[in-house]
Student: 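The structure follows.
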Amino acid sequence: MNFGDNILLWTLIPLMILFVSASYFRFIISDDYLVNYEAPCDAESQSCFVGCEDEECSLTYNYSLIERAAADLSKMCGKSVVDCSFANSCVLDQSNSCKITYCDRTTSDECSKPSPSSESANNI
Amino acid sequence: MICDLYNEPLYLIFSAETPDLLYYSHLPAIIVALLVGLFVFLKNHQQLQNKLLLIVCLCFASWATVNLILWTNIHSDVLLFAWSFLGVLASCLSIFSIYFVYVFLEKRDVSKKIKIIFLLLLAPVLLFAHTNLSLSGFDLTQCDAFNYEGVLYKNYHALLGALAIIWIAVLLIKKYRKADSLFKRQILLMGIGIESFLFLFFSLVYIASYLATIGIDSDSSLEFYGLFGMIIFVVFIGILMVRFKTFKVGLLASQALVVALVILVGSQFTFLTNTDTKILTSITLILTATAGLILNRSVKNQIKQRDEIQNLATKLEKANVRLRQIDKQKSEFVSIASHQLRSPLTSISGYASLLREGTYGPLSKKMADPLDRIEKSARFMAESIEDYLNVSRIEAGNMKYHLSDFNLRTEVEHICDDKRAEAVKQGLIIILRTNLKSQAMINADLGKTQQIIHNLLNNALKYTKKGTINIVVHDEPKTKKIFVDIVDTGIGMDAATIASIFQKFGRGEQANAANAKGTGLGLFVALKMAEAMGGTITAHSEGEGKGSRFTLELPLIS
């Protein structure tokens with residue numbers, strides 16, 4: 001087979017192999033990406049996002065958003081973030097890649113409202 | 001990491017928590033694409049366009065399978081690994097669709113330059129697919145990566161889709177303008193099929209992804225409809241296969257394809273639970289089966305028609321071979337007639353002349369008449385042979401004309417002088433008159449022109465028992481034409497005879513009655529010669545017994 005005539009084939013195949021290998025290494029082996037998930041949020045002290053438990057939204061819950069390196073989370077919590085205290089905050093994270101996002105009341109109306117007692121305490 | 005809010009799928013792609021339309025849109029499209037691609041390739045794997053159709057189908061089927069995994073899987077690493085394939089496969093689909101259409105239209109491979117352009121367009125997608133430019137993270141709550149897709153990378157492969165649609169449209173339009181009607185229909189079918197497929201696929205997938213990113217359509221289910229484009233494409237490919245044998249896979253293959261399609265749609269009932277989807281599938285099954293039946297009937301008719309045409313073509317081919325043989329035999333006969341019959345005739349004429357001149361001793365008076373008959377018969381036979389040879393040359397297109405400038409009036413005068421003695425012997429008078437406004441110069445074959453006038457004058461002498469033969473040479477300088485009228489007081493002709501005398505072997509009844517010798521080829525040959533020199537011959541007569549007028553018309557030199 002002539003390389004000139006099959007330049008597309010001979011170049012695409014190595015590029016494909018390179019792409020599949022690199023992608024496999026990054027996402028499957030190294031877990032080199034960020035993950036974003038909902039973490040418990042204390043509405044008494046923070047402005048939390050409010051989520052619905054059902055379609056009618058009769059039951060709500062408060063949460064904050066955490067974004068961190070998947071490799072760190074995987075190392076500390078395994079496959080799931082459920083029942084993993086490390087996942088609930090950025091306190092124990094040493095890689096400085098962890099970031100918590102709370103609800104911004106200036107841009108969203110759907111933030112949790114702090115109880116009056118905590119609000120007065122804050123004012124003191 | 002896993003998406004805790006969702007359940008693990010069965011066999012990587014089967015999950016109960018998916019939209020109803022997911023399997024309906026994905027599975028038939030994947031199976032049909034693979035079926036068509038593999039079928040066409042395996043039937044004729046030598047053809048480049050078949051290979052490229054397989055690649056297009058494989059790209060699409062892989063994209064749809066990866067997309068199915070994204071809808072059902074819950075492992076972030078598997079999902080991101082699969083997600084990174086979407087852009088690559090969509091880009092390959094765009095580029096190989098262009099490549100496929102190019103080969104379909106041109107029936108040859110693209111140039112090395114275009115291949116390098118294809119490569120340069122694909123290279124960024126492949127090189128950056130695993131980087132943050134393509135994907136940087138994963139949302140475990142939504143179980144997707146829409147918010148982590150690189151805008152530049154995503155827009156780039158969407159633009160490749162748009163480029164493919166435009167590029168293909170340009171190729172199709174350019175070729176359509178130059179193609180014959182049969183290929184135009186093929187181009188039209190291919191154009192509608194592939195453009196519908198690419199437009200539906202790229203526009204809906206891109207819009208769905210965009211709406212998901214901005215949070216309007218959180219599950220991006222709009223992209224399901226984009227996959228139906230492949231079914232449309234396959235239908236048009238099927239029509240091309242059946243009607244035009246485009247992929248040279250045979251008609252049986254098309255029938256098998258229809259059956260496979262019906263089985264495929266019907267098989268969906270095995271996993272459908274939703275009533276709406278069941279109704280939708282039933283309608284699709286009925287439509288597919290009906291279309292399949294119509295198509296099969298059409299295929300049968302087409303096979304029958306094609307076989308008949310094939311038989312006729314074979315018979316025609318045989319007849320052609322036979323005709324060529326006959327033509328060859330005719331040429332051989334003409335050659336024999338030319339060389340082997342003319343030579344003895346020349347000898348007969350020559351010796352008859354010698355006998356008459358007394359070269360072999362004094363001749364008794366009794367011998368004069370038979371010798372005269374021998375001479376006349378030999379001359380007639382020689383003229384007949386010459387007529388046959390001329391017809392043969394005219395029909396074979398071998399008659400040679402050597403054009404030169406000469407004065408027609410002078411030539412007519414010479415011929416009249418030659419024939420005058422013969423006419424007097426018959427008790428006829430030849431009168432030549434001219435009415436010329438020009439020099440009477442023409443550009444024609446001198447020998448052939450003389451032959452025509454001789455022929456016409458001979459006919460006049462042959463069919464005139466008494467009276468005169470008037471020859472008038474006149475011209476029309478305005479129309480640049482010169483005419484030679486040969487008017488006799490002979491047996492004349494009716495309208496039916498006038499219509500037939502210029503045909504091969506066309507002799508009037510009056511001619512036979514007059515017992516004049518003739519082959520019926522002289523006027524045919526004369527007319528063909530006159531036409532070849534830009535002129536013509538016409539005949540007029542008031543009726544039987546009222547004489548005739550033959551007019552030779554030739555162009556004057558301008």
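Predicted model only: the values in this text are computed from it and were never measured. Here is the naming used below: chain letters follow the sequence lines, and residue numbers restart at 1 for every chain. Hydrogens, waters and symmetry mates play no part in the numbers below; they use all other heavy atoms, side chains included.
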Student: Looking at chain A, which one of Gly137(B), Ser134(B), Ala145(B), Cys3(B) has the largest number of heavy-atom pairs inside 4.5 Å, strictly under?
Tutor: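 That would be Gly137(B).
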
Student: Can you establish whether the number of heavy atoms outside Leu152(B) located under 6.0 Å from its atom CG is more than 12?
Tutor: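 Not more than 12 within 6.0 Å, no.
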
Student: Working to the nearest 0.5 angstrom, can you tell me the gap between His75(B) NE2 and Phe81(B) CZ?
Tutor: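 Here the rounded value is 15.0 Å.
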
Student: Based on non-hydrogen pairs under 4.5 Å, which of Asn147(B), Ile95(B), Thr131(B) is most in contact with chain A?
Tutor: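 Heavy-atom pair counts peak at Thr131(B).
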
Student: Less than 4.5 Å to any heavy atom of chain A: does that hold for the side chain of Leu135(B), its backbone, both, or neither?
Tutor: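 It is both, since atoms from each part get that close.
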
Student: Any residues in residues 24-34 of chain A near chain B, with a heavy-atom distance under 4.5 Å, and which are they?
Tutor: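 Within residues 24-34 of chain A, near chain B: Tyr24(A), Arg26(A), Phe27(A), Ile28(A), Asp31(A), Tyr33(A), Leu34(A).
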
Student: If you count heavy-atom pairs under 4.5 Å between each of Leu18(A), Asn36(A), Leu15(A), Val35(A) and chain B, which one has the most?
Tutor: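 Option with the top pair count is Asn36(A).
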
Student: On the 0 to 90° scale, with breaks at 30° and 60°, tag the Phe197(B)-Phe201(B) ring pair as parallel, tilted or perpendicular.
Tutor: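 If you compare the ring of Phe197(B) with that of Phe201(B), the planes turn out tilted.
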
Student: Does any backbone or side-chain atom of Phe128(B) lie under 4.5 Å from a heavy atom of chain A? Answer side chain, backbone, both or neither.
Tutor: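 It is neither, since no heavy atom gets under 4.5 Å.
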
Student: With a 4.5 Å cut-off on heavy-atom pairs, point out which of Leu79(B), Ile116(B), Asn132(B), Val110(B) contacts chain A the most.
Tutor: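 Looking at each option in turn, the highest pair count goes to Asn132(B).
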
Student: Under the ring pair (Phe, Tyr, Trp, His ring centres under 6.0 Å) test against Trp167(B), which residue among Phe118(B), Phe100(B), Tyr102(B) passes?
Tutor: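 Looking at Phe118(B), Phe100(B), Tyr102(B), the match for Trp167(B) under the ring pair (Phe, Tyr, Trp, His ring centres under 6.0 Å) is Phe118(B).
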
Student: What part of Ile2(B) gets within 4.5 angstrom of chain A, counting heavy atoms only: side chain, backbone, both, or neither?
Tutor: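 Both backbone and side chain of Ile2(B) come within 4.5 Å of chain A.
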
Student: Give the minimum heavy-atom separation between Tyr156(B) and Val125(B), together with the two atoms involved.
Tutor: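 Looking at all heavy atoms of both residues, the shortest contact is CE2-CG2, 3.4 Å.
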
Student: Looking at every heavy atom in both Cys90(A) and Ile66(A), which two are closest together, and how far apart are they?
Tutor: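 Reported closest heavy-atom pair: SG-CG2, 4.3 Å.
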
Student: Rounded to the nearest 0.5 Å, what separates atom CG in Asn88(A) from atom CG in Asp83(A)?
Tutor: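 It is 9.0 Å, given to the nearest 0.5 Å.
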
Student: Do Cys84(A) and Cys77(A) have their SG atoms less than 2.5 Å apart?
Tutor: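 Cys84(A) pairs with Cys77(A) as a disulfide (SG atoms under 2.5 Å apart), so yes.
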
Student: To the nearest 0.5 angstrom, please state how far the NZ atom of Lys99(A) sits from the OG1 atom of Thr101(A).
Tutor: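 The NZ atom of Lys99(A) sits 5.5 Å away from the OG1 atom of Thr101(A).
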
